[in-house]
J.: 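Below you'll find the structure I mean.
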Amino acid sequence: MQIWLARSLVGRNSWMRLRQAPCEAGCGWSLATGSTRTAPEPHQGRQGDAQRPWSEIALVLHTNNTGGAPQQSQRSPTPPDSNNGLPDWDRRTAADSARPVSPRLAPSRCSEKRSRHSHRYRSIDTAVSDSTAISTISTIHTAISTIDTISTAAAVKLALQSPSAPPPSFQKLFSPVAMPSLEEQYATLKARFDAAGQGHLFTYWSSLTDSEKALLIENLKVIDVERANAIFKRTYGKPEEQHPKIDPLPADAVDSTLSASKEKLDHWRDLGLQLIADGKVAVILLAGGQGTRLGSSAPKGCYDINLPSKKSLFELQAQRILRIQEIAAAHKSKADGKEVIVPWYVMTSGPTRAATEQYFVSNNYFGLKKENVFFFNQGVLPAFTFDGKIFLENKYTPAVAPDGNGGIYAALRNEGVIADLERRGIPHVHAYCVDNCLVKVADPIFIGYCASKNADCGAKSVPKAHAHESVGVISLRNGKPGVVEYSEIPKSYAELTKPDGTLVYNAGNIANHYYTTEFLKRVEYIEAELDFHIAKKKIKHVDLASGESQSPTTPNGVKLELFIFDVFPFTQHFAVFEVARKEEFSPLKNAPGSKDDSPETSRADILNQTVRFATAAGAKVVKGEKQDQNDIPVLEISPLVTYAGEGLERLKGVTITTPYIINSEADIARLLA
Ligand code: UD1
């Protein structure tokens, strides 16, 4: 059997070292591990590099003898690629062959897909079943992802704890192998980029210092140049989509918590809680956006919306996960001793990754177990000239940008999330945006609703606040489910009303989705049909003729993005679930002081909800002297105490004088005393 796993092998500004282990004991196993570290930003120079910890590990496990578990492969092992120290990812693998190939996967797409995935790709060449291989990979992957500052020995130790791990003789099998030189790597990459018509990215090679050369190589390795070219070609120049035929959703396509009976709500909630209790639910957080409109360069999830507790968005969400795990555990019909876990997969991008991970580490994962929090990066796409040439941002950095929140689907696959979901046996996934402070993470009602409908994909909506609110509208696009984005809906459609005065296009998209893992896997086979969106931008670049930096004042090129809802037309059972805005949607989009969707509105929406929870439980909330009388009542209740207002019954008849924070049972006890 042969298994290779590569996780974030090479990233922007990162180096990698590889070690390979021949089996001294002659057991037939060999293992190669590698670790990477992030380079200082170019302007910081190389100083301090030596102090940076090696982080992340790439692991290549290769065995031609099973050590008892899987069957022996008839094929001889393929050595690591001599060009870059990595295996040759470029082969169609046995696992690929085992997968049903969709008839939609046209030959051209196949070759595009198979074209050099030089990183983040697993390759399996094995006689064992796909599922065995995948579970082995995921086990190791999880082992790896639980390590911060990697020591090879620690990684191997963890890998060895897995049932399908290689034999213990592995532990002494490490010896360094030489990395190919910069010039060797250059020769390989240059040939590849020349063949793709992008060889100009090496224009300044001979004038670069060694560290700049290394950066250029690392920067180019993350670009799947053939795929990027293919996307550009099929997107740019294609006639713009004529105005899509837009229709409202049929009334029977939507269920609503606003009108559903208590019995129905209880039924969905029970079902969802049971699924959570059984370990069948995971959550995915979209946190790759940069919060440009908010005016903060830190990841949005770290933002402090000025609650009395100073909790950030990440902390609120983590505590909701902790609470829902607890509620689901209590919901179990009979105790089975198993811990309830809702794994949290956090999608970051190049600009948000390091700060996000660091924030979680320094906050001790907010009380969650580290092995259940998984960071993964969305991909990048280069910025192109109108002629399809990739821009150089400076002499050793191609201009790239995150591939949009629709990059999630490829990232889930390439970064090992789907494999991890399968390893954990999780069929239901809830995905949501980082900027919604009211988000009900792993909402059991939504999950139960979608599962009861046998939906492969679901979306929550809220009634729009007004015709021109900056939210997309869930509707029919050319007869299929889709979202008409706020930037594209014609004014006349946005303002259209029904006889009762409500908007015809009223299903505001809150980017809050349900998926089956099966559907997430299926997206691979529809990707060639997804249309990327083109944004014409002013792209800073180096002029190749003069070598001067240029900051254009008019758009000079394009960036390409996919949106998360671009897959909706390909769903088989799409479910729309309307929820109450005041309970579930308060996005943080704009800078402090803005009228809408600002830190102030987020804070107010949380505090108002808390007061509703307390008064619904029978408490009386009165503004105390110590709080600003111009402010709303400042009562904060931790999500660790209540997820959606439950568990507060003891407050019946109690007067709460604000400001007051209920962080724990002790704070409730103080009120009752
Ligand atoms: C998005 C929706 C819009 C919806 C609104 C609700 C899309 C394309 N549009 O718009 O229909 O009404 O939210 O608030 O989804 N993100 C990434 N990677 C990226 C870009 C964004 O992970 O490359 C994440 C952000 O971190 C955020 C989410 O996607 O969590 C939404 O991104 P944002 O740019 O805020 O989308 P909107 O334009 O507000």
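When a ligand or atom number is given, it counts from 1 through the structure's own listing order. All values derive from a computational prediction rather than experimental measurement.
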J.: Give me the residue, atom name and distance of the protein heavy atom closest to atom 15 (O) of ligand 1.
T.: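 The closest one turns out to be Asn405 ND2, 2.8 Å.
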J.: If the cut-off is 4.0 Å to any non-hydrogen atom of Gln378, which atoms of ligand 1 fall inside it?
T.: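 Reading through ligand 1 atom by atom, the close ones are 17 (C), 18 (N), 19 (C), 22 (O), 23 (O).
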J.: What atoms in ligand 1 come closer than 4.0 Å to a heavy atom of Tyr486?
T.: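 Listed by number with element: 10 (O), 37 (P), 38 (O).
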J.: Would Ile510 count as a polar contact of ligand 1, with the cut-off being nitrogen or oxygen pairs under 3.5 Å?
T.: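 No - when backbone and side-chain N and O of Ile510 are compared with those of ligand 1, no distance drops under 3.5 Å.
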J.: Is it the side chain, the backbone, both or neither of Arg293 that has a heavy atom closer than 4.0 Å to ligand 1?
T.: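 Looking at Arg293 and ligand 1, just side chain atoms fall under 4.0 Å.
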J.: For the residue pair Gln378 and Asp403, confirm or rule out a side-chain donor-acceptor distance under 3.5 Å.
T.: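 The answer is yes; a qualifying pair exists.
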J.: With atoms numbered from 1 as shown, which atoms in ligand 1 lie under 4.0 angstrom from a non-hydrogen atom of Val471?
T.: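 Selected atoms, number and element: 12 (O).
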J.: Is Thr497 close to Thr502 at the side-chain level, that is, under 4.5 Å between some pair of heavy atoms?
T.: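 With C-beta onward as the side chain, the pair stays apart.
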J.: I want to confirm something. Looking only at heavy atoms, which of Pro351, Pro299, Gly289, Ser487 is nearest to atom 24 (C) of ligand 1?
T.: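 Looking at heavy atoms only, the winner is Gly289.
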J.: Under a 4.0 Å heavy-atom limit, does Phe585 contact ligand 1 with its side chain, its backbone, both, or neither?
T.: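 The part of Phe585 near ligand 1 is the side chain, not the backbone.
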J.: Only heavy atoms of Gly288, strictly under 4.0 Å: list the atoms of ligand 1 that pass.
T.: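 In order of numbering, the contacting atoms are 17 (C), 18 (N), 22 (O), 26 (O).
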J.: Considering only distance and modelled atom types, tabulate donor-acceptor pairs under 3.5 Å from the side chains of residues 293-300, sequence neighbours left out.
T.:
residue : atom : partner : partner atom : Å
Ser296  : OG   : Ala298  : N            : 3.2
Lys300  : NZ   : Asp435  : OD2          : 3.1
Lys300  : NZ   : Leu588  : O            : 2.9

J.: Within the 4.0 Å heavy-atom shell around Val434, which atoms of ligand 1 are there?
T.: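 By the 4.0 Å cutoff, the relevant atoms are 26 (O), 30 (O).
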J.: Considering heavy atoms of the protein only, find what lies nearest to atom 9 (N) of ligand 1 and give residue, atom and distance to 0.1 Å.
T.: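 Its nearest protein heavy-atom neighbour is Glu485 OE2, 2.7 Å.
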J.: Can you see whether Glu636 engages Ser309 through a side-chain donor-acceptor pair at a distance of less than 3.5 angstrom?
T.: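 There is such a pair (donor and acceptor under 3.5 Å, judged by atom type) between the side chains of Glu636 and Ser309.
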J.: Ignoring hydrogens and angles, state whether a donor on the side chain of Ser638 or Gln319 is under 3.5 Å from an acceptor on the partner side chain.
T.: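 Indeed, the side chains of Ser638 and Gln319 share at least one donor-acceptor pair under 3.5 Å.
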J.: Is it the case that Asp255 and Tyr449 place a side-chain donor and acceptor less than 3.5 Å from each other?
T.: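 Yes, side-chain donor-acceptor contact under 3.5 Å.
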J.: Suppose I only count heavy atoms of Phe563 and a 4.0 Å limit; which atoms of ligand 1 are within that range?
T.: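 What qualifies from ligand 1 is 8 (C).
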J.: List the closest protein heavy-atom neighbour of atom 28 (C) of ligand 1: residue, atom name, distance to the nearest 0.1 Å.
T.: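 For atom 28 (C) of ligand 1, the nearest protein heavy atom is Cys433 SG, 3.3 Å.
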J.: For the residue pair Tyr432 and Tyr514, confirm or rule out a side-chain donor-acceptor distance under 3.5 Å.
T.: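 No donor-acceptor contact under 3.5 Å links the two side chains.
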J.: Pairs of donor and acceptor atoms involving the side chains of residues 555-565, under 3.5 Å and at least two apart or interchain, shall be tabulated with distances.
T.:
residue : atom : partner : partner atom : Å
Asn556  : OD1  : Ile539  : N            : 2.6
Asn556  : ND2  : Ile539  : O            : 3.0
Asn556  : ND2  : His541  : ND1          : 3.4

J.: How are the rings of Tyr359 and Phe314 set to each other: parallel, tilted or perpendicular (split at 30° and 60°)?
T.: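 The rings of Tyr359 and Phe314 sit tilted, inter-plane angle from 30° to 60°.
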J.: Of all the non-hydrogen atoms in the protein, which one sits nearest to atom 14 (O) of ligand 1, and at what distance?
T.: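 Answer for atom 14 (O) of ligand 1: Lys589 NZ, 2.9 Å.
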J.: Can you find an N/O atom of Leu286 closer than 3.5 Å to an N/O atom of ligand 1?
T.: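 Leu286 vs ligand 1: N/O contact under 3.5 Å present.
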J.: Distance alone, cut at 3.5 Å: any donor-acceptor contact between the side chains of Asn372 and Arg424?
T.: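 Yes, side-chain donor-acceptor contact under 3.5 Å.
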J.: At a 4.0 Å threshold, what atoms of ligand 1 neighbour a non-hydrogen atom of Asp435?
T.: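 What qualifies from ligand 1 is 35 (O).
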J.: Classify the ring geometry of Phe568 against His513: parallel below 30°, tilted from 30° to 60°, perpendicular beyond 60°.
T.: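 Rings of Phe568 and His513: perpendicular, over 60°.
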J.: Check whether any heavy atom of Ser349 sits under 4.0 Å from an atom of ligand 1.
T.: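 It does not, in that no heavy atom of Ser349 comes within the 4.0 Å cut-off of ligand 1.
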J.: So, Glu600 and Ser598: side-chain donor and acceptor under 3.5 Å apart, yes or no?
T.: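 Looking only at side-chain atoms, Ser598 and Glu600 do form a donor-acceptor pair, the distance falling under 3.5 Å.
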J.: Could you tell me, atom by atom, which parts of ligand 1 come under 4.0 Å of a heavy atom of Met347?
T.: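 Counting from 1, the qualifying ligand atoms are 22 (O).
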J.: Please state which protein non-hydrogen atom is closest to atom 6 (C) of ligand 1 and give its distance, to 0.1 Å?
T.: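 Here the closest protein heavy atom is Asn509 O, 3.5 Å.
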